[in-house]
Amino acid sequence: MIVTIDGPAGAGKSTVARLVAEMLGISYLDSGAIYRTLTLACLERKVDIENEEEVLEVLESINLEFKEENRKGRKFFACYLNGRDVSEEIRTSEVSEAVSVVAKHKKVREKMLYYQHKFAHEHDVVCDGRDMGSFVFKDAEFKFFLTAHPSVRAERRYRELIEKGIKTTLEEVKENIIFRDTTDSNRDASPLVAAPDAIWIDTTELKPEEVAETIVSFVRKGMK
Ligand code: DC
């Protein structure tokens, strides 16, 4: 089974997707983390991330692994770069600032399909991202698109980062969200867009648990 949850940064996708995966007893595929891991490799190699060929060269020379692990009693989407666990490192503001640029390249996106399809082939998944329902898993059984007011999205992201001990300001997070919304929505290769058959949920006034329950009830009804 594949459940897709797409939407802009800060719409609550990852928190909701994790909850839905737990409630349904299936796995969580974090597609943003896959792009973030490649971005970290590009930053470490100091390549020009605007240059598609340079990014592709990095992708071809590294070893990426994405595994489900059990951490603190919960399922966790772990990211490895050349055997090194980078699951925490990929959340820094340096990576957040660069990731939309890395993710806009068409050939890079094509190559990244492999990791997403592989993981979904091995597990039943709830996946979150920008093009899960519209492109990567067009045949998914259940598709959702989350939105929320931009100021609420920025505040959520800010709190999430502070809780993780990452230094930032609300202003910086707001600017990053606006930049990523624009880049992710306007790129040529599978831009952020809702699949025509996705169910829209505005999460501005909702708690993650409420959104997750709504999604799970749609899935359970659809499974009957
Ligand atoms: O979900 P996130 O904030 O971790 O995603 C980081 C970036 O990765 C996002 O700004 C755009 C890119 N991304 C993408 O292009 N396609 C996806 N399916 C997921 C993320």
Side-chain angles (χ1 to χ4, degrees), residues 2-18 21 28-43 49 52 55 59 64 66 76-79 86-120 125-138 140 143-148 150 153-161 164 166 168 172-195 198 203 208:
I2 300 181
V3 179
T4 65
I5 303 180
D6 289 304
K13 299 183 302 289
S14 61
T15 313
V16 168
R18 271 190 202 96
Y28 168 52
L29 161 56
D30 181 351
S31 67
I34 294 179
Y35 287 100
R36 285 172 180 270
T37 306
L38 171 61
T39 303
L40 179 65
C42 291
L43 293 178
I49 54 172
E52 182 167 33
V55 175
L59 182 51
L64 297 176
F66 303 98
F76 181 79
F77 187 82
C79 305
V86 294
S87 311
E88 304 295 331
E89 241 177 292
I90 57 171
R91 305 289 159 192
T92 59
S93 41
E94 286 78 12
V95 173
S96 298
E97 274 160 29
V99 62
S100 284
V101 178
V102 169
K104 75 180 178 181
H105 300 303
K106 188 164 188 283
K107 287 189 214 153
V108 172
R109 299 194 72 81
E110 278 165 13
K111 301 236 172 210
M112 298 305 253
L113 282 176
Y114 166 78
Y115 299 100
Q116 298 165 68
H117 288 161
K118 181 170 185 280
F119 192 86
V125 290
V126 177
C127 46
D128 80 333
R130 305 295 187 285
D131 60 346
M132 297 291 99
S134 59
F135 187 72
V136 180
F137 299 114
K138 273 203 189 101
K143 300 182 184 179
F144 297 88
F145 193 82
L146 306 190
T147 58
R153 293 198 277 120
E155 271 162 38
R156 282 181 189 159
R157 248 306 137 97
Y158 174 68
R159 262 184 277 134
E160 219 175 83
L161 293 171
K164 282 187 182 139
I166 292 169
T168 187
E172 198 175 70
V173 175
K174 265 188 193 154
E175 274 170 29
N176 180 246
I177 281 201
I178 293 167
F179 170 71
R180 287 204 286 153
D181 280 358
T182 317
T183 320
D184 298 346
S185 306
N186 295 315
R187 67 179 175 226
D188 294 331
S190 61
L192 166 64
V193 59
T203 72

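Quick note: residue numbers are just sequence positions, from 1. No hydrogens, no waters, no symmetry mates; every other heavy atom, side chains included, goes into these values. Atoms within a ligand are numbered from 1 in the order they appear, just like the ligands themselves.
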### Message
Check whether K104 reaches the backbone of A189 with its side chain - one donor and one acceptor, N or O, closer than 3.5 Å.
### Response
no
### Contact residues of ligand 1 (heavy atom under 4.0 Å), by chain and number
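Ligand 1 pocket, heavy atoms under 4.0 Å: S31, G32, Y35, R36, R91, V99, S100, A103, R109, G129, R130, D131, M132, R157, R180, D184, R187.
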### Query
Below 4.5 Å, heavy atoms only, C-beta onward: do E160 and R91 meet side chain to side chain?
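No; the side chains remain at least 4.5 Å from each other.
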### Message
What I'd like to find out is whether the side chain of V193 reaches to under 4.5 Å of the side chain of F135, using heavy atoms alone.
### Response
no
### Query
Can you name the residues that form a salt bridge (Lys or Arg N to Asp or Glu O under 4.0 Å) with E89, not counting sequence neighbours?
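Here the qualifying residues are R84.
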Quick one: side chains of residues 173-180, donor-acceptor pairs under 3.5 Å with protein atoms, not counting sequence neighbours, listed by atom name and distance.
unit_1, atom_1, unit_2, atom_2, d
N176, OD1, R180, NE, 3.1
N176, ND2, S96, O, 3.4

### Query
Quick one: side chain to side chain contact (heavy atoms under 4.5 Å, CB included) partners of K111, sequence neighbours excluded?
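Side chain to side chain contact (heavy atoms under 4.5 Å, CB included) list for K111, sorted by chain: L56, L59, E60.
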